[in-house]
Trainee: 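The following block contains the structure, expressed as structure tokens.
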Amino acid sequence: MKMRFNYLLYTAIAATLAFQSCDKGFEEMNVNPDASPTVQPEYMFSKALLDAFGNSYFSTDVLACGGSMQHFATYKDVPGIGDKYYFQQGTYPYDYFTTGYTTAVNEIATTINALDADNPADGNKLAIARIFRVYIMHRLTDLYGDIPYSASAKGYTENNFTPKYDAQEDIYADMLKELDESAAKLDPAVATFGPGDFVYSGDVNKWKKFAYSLMLRLGMRLSRKAPDVAETWVKKAIAGGVITADGDIATMKYVDGSQAINRNPAAASMLSNDYAVANGNNNTEGGKLAKTFIDVLRANNDPRLNVIAIVWNNGKADTSTALQKGMPNGLLNKPADFTTYSEPNPATILQYNAPFILMSAAEVNLLLAEAGVNGWWEGSAAGAFADAIGASMRNWALFGSGGVIAREKIAAYQAAHPLTGGAEAMKAMIGQEKWVSLFLDEQEIHANWRRTGYPALTPVNVPGNTTGGTIPRRLLYPPSEESVNSGSLAEAITRQGPNLMTTRVWWDKQ
């Protein structure tokens, strides 16, 4: 089914380009009789979904954000952007920017432009596309700060190849507005993208919950920078209805097919870059799971350890707790005992057909718990915290039988880890639990850590690092922007600060 989809999608795109390239007198020669001369929004939306999650996962989520958040570690220097705060060569700090704009950003804008805002039949498709555009753009702005937003896709429509960089404060205001308006327009009686929607298969009610849950995430992002604004949006999101049940979580679906685009990007990128040999020793980028992460899971007797981590033991992937050991961040040479360090579990994390979780009941319940601590929600913060733990542990069953955690283990962990203490102590517990619960969505974990400071991570200070021994707070604009869009880039840097990994984005400034 997906192979057929890919063929139709690519021919539709090719047809559009061929149609635009016709010269007078050569129209008949340039027309592809098997292709559509217009964009098919259904196919383009599906392609935007695939490209949004397949965007530079290894360089951005594993190496940059995952290394910085001490979930992953490497002894090598070139991929050490997050592990050692190195940047000596390669494109790791700006892969997400350069790839994102040429694929998912343009594709979702093309989808929106191909829909008719005045046609009621397109109403749900347009609303869903706008919601997903917010998802795409919020991940870009959270990584880089000020970015091209309002003019981000006008190269195709207006030949604008030097788009302005919008201030992140303005971007957030517009994204929240977009979610508010789009959620209100969703109508269960109107058709949607249907099977071309790999997240919810066109379920309007679930898309509405996703929109409000994303609003809750973005609203909470402003909690320190603009608490009054944050409170308003957090309350609006909760009133709208958010994801609190397992059946409503937003997951991108994948299959174990021959085409890479159809495979889970986390599994595909980690297997192709580090763990393909599967012997614990020949890891191309020198990667392992980090000591900080494994130590916390072990100290808390967390049953997630045994579905997340393995050690290669006599050629077999062994999940035994006693064997799990994380590799320290900041190493400069391959340890003699490299094979004894923990790696991602091939039976769960490295499955090509595993889902990618966009938004889960675990994350939403943790946001509700924090809102409760802030006095922005009248529900039980302790209850939401316990619900988040349960939801997180149940999520691993989505990755296959190797991810199933027994109910009695979940209940025991919940009982042993209640949300207690003063407001700041509870926020620290919420932050650490989010650091565990959202594992693999490293961009969101990095953003939440920058906002809250939790969990309290001890940075490395390797000679030659570019941050002065502090954990990076953003990624870098690509050099191509300096040559192609230098005026707009210079304006953004003047407003935001130097193009350094230590410069804080707008919501990260206290």
Trainee: Grab the two heavy atoms, one from Pro418 and one from Met429, that are nearest each other, plus how far apart they are.
Mentor: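 For Pro418 versus Met429, the nearest heavy atoms are O-CE, 2.9 Å.
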Trainee: Give a yes or no answer on whether the side chain of Asn345 reaches the backbone of Val307 with a donor-acceptor pair at less than 3.5 Å.
Mentor: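 The answer is yes, because a donor-acceptor pair under 3.5 Å joins these two groups.
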Trainee: Taking everything shown except Lys325 itself, do over 12 heavy atoms lie less than 6.0 Å from its NZ?
Mentor: yes
Trainee: Going by the salt bridge (Lys or Arg N to Asp or Glu O under 4.0 Å) test, name the single residue among Lys208, Lys236, Lys185 that passes it with Asp180.
Mentor: Lys236
Trainee: To the nearest 0.5 Å, what is the distance between CG (Asn461) and OG1 (Thr470)?
Mentor: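 Those atoms lie 9.0 Å apart.
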Trainee: So does Tyr96 get a backbone contact from the side chain of Asn55, meaning a donor-acceptor N/O pair under 3.5 Å?
Mentor: yes
Trainee: Give a yes or no on whether Lys291 atom NZ has more than 12 heavy-atom contacts from other residues, nucleotides or ligands under 6.0 Å away.
Mentor: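 12 or below, so no.
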Trainee: Taking only Lys NZ, Arg NE, NH1 and NH2, and the carboxylate oxygens of Asp or Glu, determine whether Lys316 and Asp318 approach each other closer than 4.0 Å.
Mentor: no
Trainee: Please name the pair of heavy atoms, one in Leu367 and one in Met220, separated by the smallest distance, quoted to 0.1 Å.
Mentor: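 Leu367 and Met220 have their closest heavy atoms at O-CE, 3.5 Å.
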Trainee: So which heavy atom on Gly403 is nearest to which on Thr348, and how close?
Mentor: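 Where Gly403 meets Thr348 most closely, the heavy atoms are N-CG2, 3.6 Å.
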Trainee: Looking at Gly219, is its backbone amide N or carbonyl O close enough to the side chain of Ser223 to form a donor-acceptor pair, meaning the two atoms are under 3.5 Å apart?
Mentor: no
Trainee: Surrounding NZ of Lys125 (heavy atoms of other residues, nucleotides or ligands, distance under 6.0 Å), is the total greater than 12?
Mentor: yes
Trainee: Go through the steps for Tyr149 and Asp174 under the test side-chain hydrogen bond (donor to acceptor under 3.5 Å, both in side chains), then give the verdict.
Mentor: CA-CA 10 Å; Tyr149 176 78; Asp174 189 74; 2.6 Å; yes
Trainee: Measuring from atom OG of Ser68 to atom CD1 of Ile445, what distance do you get when rounded to the nearest 0.5 angstrom?
Mentor: 12.0 Å
Trainee: Could you tell me how the ring of His446 sits relative to the ring of Trp449: parallel (under 30°), tilted (30 to 60°) or perpendicular (over 60°)?
Mentor: parallel
Trainee: Is the closest side-chain heavy-atom distance between Tyr200 and Thr192 below 4.5 Å?
Mentor: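 Not touching, per the 4.5 Å side-chain cut-off.
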Trainee: Between the main-chain N or O of Gly196 and the side-chain N or O of Ser46, is there a donor-acceptor pair closer than 3.5 Å?
Mentor: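 Judged by distance alone, yes, a pair lies under 3.5 Å.
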Trainee: Taking the six-membered ring for Trp, are the ring centroids of Phe439 and Phe293 within less than 6.0 Å of each other?
Mentor: yes
Trainee: Just how far is it from atom CG of Leu438 to atom CD of Gln443, taken to the nearest 0.5 Å?
Mentor: 12.0 Å
Trainee: Is a side-chain donor or acceptor of Lys206 paired with a backbone partner of Val199 at a separation under 3.5 angstrom?
Mentor: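 Pair absent, no side-chain N/O of Lys206 close to backbone of Val199.
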Trainee: Give a yes or no on whether the ring-centroid distance for Phe87 and Tyr92 is below 6.0 angstrom.
Mentor: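 When the ring centroids of Phe87 and Tyr92 are compared, they turn out to be at least 6.0 Å apart.
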Trainee: Side chains of Lys84 and Asn465: is there a donor and an acceptor less than 3.5 Å apart?
Mentor: no
Trainee: Measure from the ring center of Phe338 to the ring center of Tyr75 and say whether it is less than 6.0 Å.
Mentor: yes
Trainee: Taking atom types as modelled, find out whether Ser182 and Glu178 have a side-chain donor-acceptor pair closer than 3.5 angstrom.
Mentor: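 No.
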Trainee: My understanding is that only one of Arg221, Arg217, Arg450 makes a salt bridge (Lys or Arg N to Asp or Glu O under 4.0 Å) with Asp142; could you say which?
Mentor: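 Considering Arg221, Arg217, Arg450, a salt bridge (Lys or Arg N to Asp or Glu O under 4.0 Å) with Asp142 is found only for Arg221.
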Trainee: Can you tell me if CZ on Arg407 sees more than 12 non-hydrogen neighbours from other groups inside 6.0 Å?
Mentor: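 Not more than 12 within 6.0 Å, no.
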Trainee: Regarding Lys225 and Glu169, does a basic nitrogen lie under 4.0 Å from an acidic carboxylate oxygen?
Mentor: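 Salt bridge flag = no for Glu169 with Lys225.
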Trainee: With side-chain contact (heavy atoms from CB on, under 4.5 Å) as the test, would you mind laying out the steps for Leu440 and Ile357 before giving the verdict?
Mentor: CA-CA 9 Å; Leu440 294 181; Ile357 300 176; over 6 Å; no
Trainee: Can you tell me how far apart CG (Asn353) and CG (Asn264) are? Round to the nearest 0.5 Å.
Mentor: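 Rounded to the nearest 0.5 Å, the CG-CG separation comes to 8.5 Å.
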Trainee: Before giving the answer on side-chain hydrogen bond (donor to acceptor under 3.5 Å, both in side chains), spell out for Lys334 and Asn281 the whole-Å C-alpha distance, their side-chain angles and the decisive distance to 0.1 Å.
Mentor: CA-CA 10 Å; Lys334 185 177 183 178; Asn281 185 54; 2.9 Å; yes
Trainee: So, for Gly67 and Asn329, which heavy atoms are closest and what is the spacing to 0.1 Å?
Mentor: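 Smallest interatomic distance, heavy atoms only, reads O-ND2, 3.8 Å.
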Trainee: Starting from the C-alpha separation in whole Å, work towards a yes-or-no answer on ring-ring contact (aromatic ring centres under 6.0 Å, His included) for Tyr352 and Tyr254.
Mentor: CA-CA 7 Å; Tyr352 286 140; Tyr254 294 97; over 10 Å; no
Trainee: Any sub-3.5 Å donor-acceptor pair from Asn273's side-chain atoms to Met270's backbone N or O?
Mentor: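 Side chain of Asn273 to backbone of Met270: no pair is present.
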Trainee: Okay, side chain of Asn374, backbone of Trp376: is any donor-acceptor separation there less than 3.5 Å?
Mentor: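 Side chain of Asn374 to backbone of Trp376, a donor-acceptor pair under 3.5 Å: no, none is there.
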Trainee: Salt bridge or not for Glu370 and Arg224, using N-O below 4.0 Å?
Mentor: no
Trainee: Test your reading of the model: is there a side-chain donor-acceptor pair from Ser392 to the backbone of Ala388, 3.5 Å cut-off?
Mentor: no
Trainee: Applying side-chain contact (heavy atoms from CB on, under 4.5 Å), run through Met69 and Ile471 and close with a yes or a no.
Mentor: CA-CA 8 Å; Met69 293 297 95; Ile471 295 175; 4.0 Å; yes
Trainee: Under a 3.5 Å cutoff, is there a donor and acceptor pairing between the side chains of Asp95 and Thr99?
Mentor: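 Note: Asp95 and Thr99 side chains miss the donor-acceptor criterion.
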Trainee: Roughly how far, to the nearest 0.5 Å, is the CG atom of Asn306 from the CH2 atom of Trp396?
Mentor: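 Result: 12.0 Å between the selected atoms.
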Trainee: Give me each pair satisfying salt bridge (charged side-chain N to carboxylate O under 4.0 Å, His left out) with a member in residues 51-75, each pair once, sequence neighbours excluded.
Mentor: Lys47-Asp51
Trainee: Which pair of non-hydrogen atoms, one from Gly66 and one from Glu442, has the smallest distance, and what is that distance?
Mentor: CA-OE1, 3.5 Å
Trainee: Under 6.0 Å between ring centres, would you say that holds for Tyr135 and Phe53?
Mentor: yes
Trainee: Mark yes or no for whether Lys288, through its side chain, and Thr340, through its backbone, hold a donor-acceptor pair below 3.5 Å.
Mentor: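 Absent.
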Trainee: Can Tyr57 and Val62 be said to form a side-chain contact (heavy atoms from CB on, under 4.5 Å), step by step?
Mentor: CA-CA 7 Å; Tyr57 184 88; Val62 175; 3.5 Å; yes
Trainee: Decide yes or no on side-chain contact (heavy atoms from CB on, under 4.5 Å) for Trp377 and Val234, but give the supporting numbers first.
Mentor: CA-CA 9 Å; Trp377 179 56; Val234 165; over 6 Å; no
Trainee: Show, in sequence, the C-alpha distance, side-chain angles and deciding distance for Glu285 and Thr74, and conclude whether the side-chain hydrogen bond (donor to acceptor under 3.5 Å, both in side chains) test is met.
Mentor: CA-CA 7 Å; Glu285 300 296 342; Thr74 175; over 6 Å; no
Trainee: Calculate, to the nearest 0.5 Å, the distance between atoms CH2 and CG belonging to Trp435 and Leu457 respectively.
Mentor: 6.5 Å
Trainee: Arg473 pairs by side chain to side chain donor-acceptor pair (under 3.5 Å) with which of Asp508, Thr502, Thr503?
Mentor: Asp508
Trainee: Passes side-chain hydrogen bond (donor to acceptor under 3.5 Å, both in side chains), Glu433 versus Tyr454? Steps please.
Mentor: CA-CA 9 Å; Glu433 179 55 38; Tyr454 297 122; over 6 Å; no
Trainee: State whether Phe132 and Arg139 meet the cation-pi test: NZ (Lys) or CZ (Arg) under 6.0 Å from the six-membered ring centroid, and within 45° of the perpendicular axis.
Mentor: no
Trainee: Please check: side-chain N/O of Asn124 versus main-chain N/O of Ala127, any donor-acceptor pairing under 3.5 Å?
Mentor: no
Trainee: Could you report the tightest heavy-atom contact between Glu343 and Gly280, atom names first, then the distance?
Mentor: OE2-CA, 3.2 Å
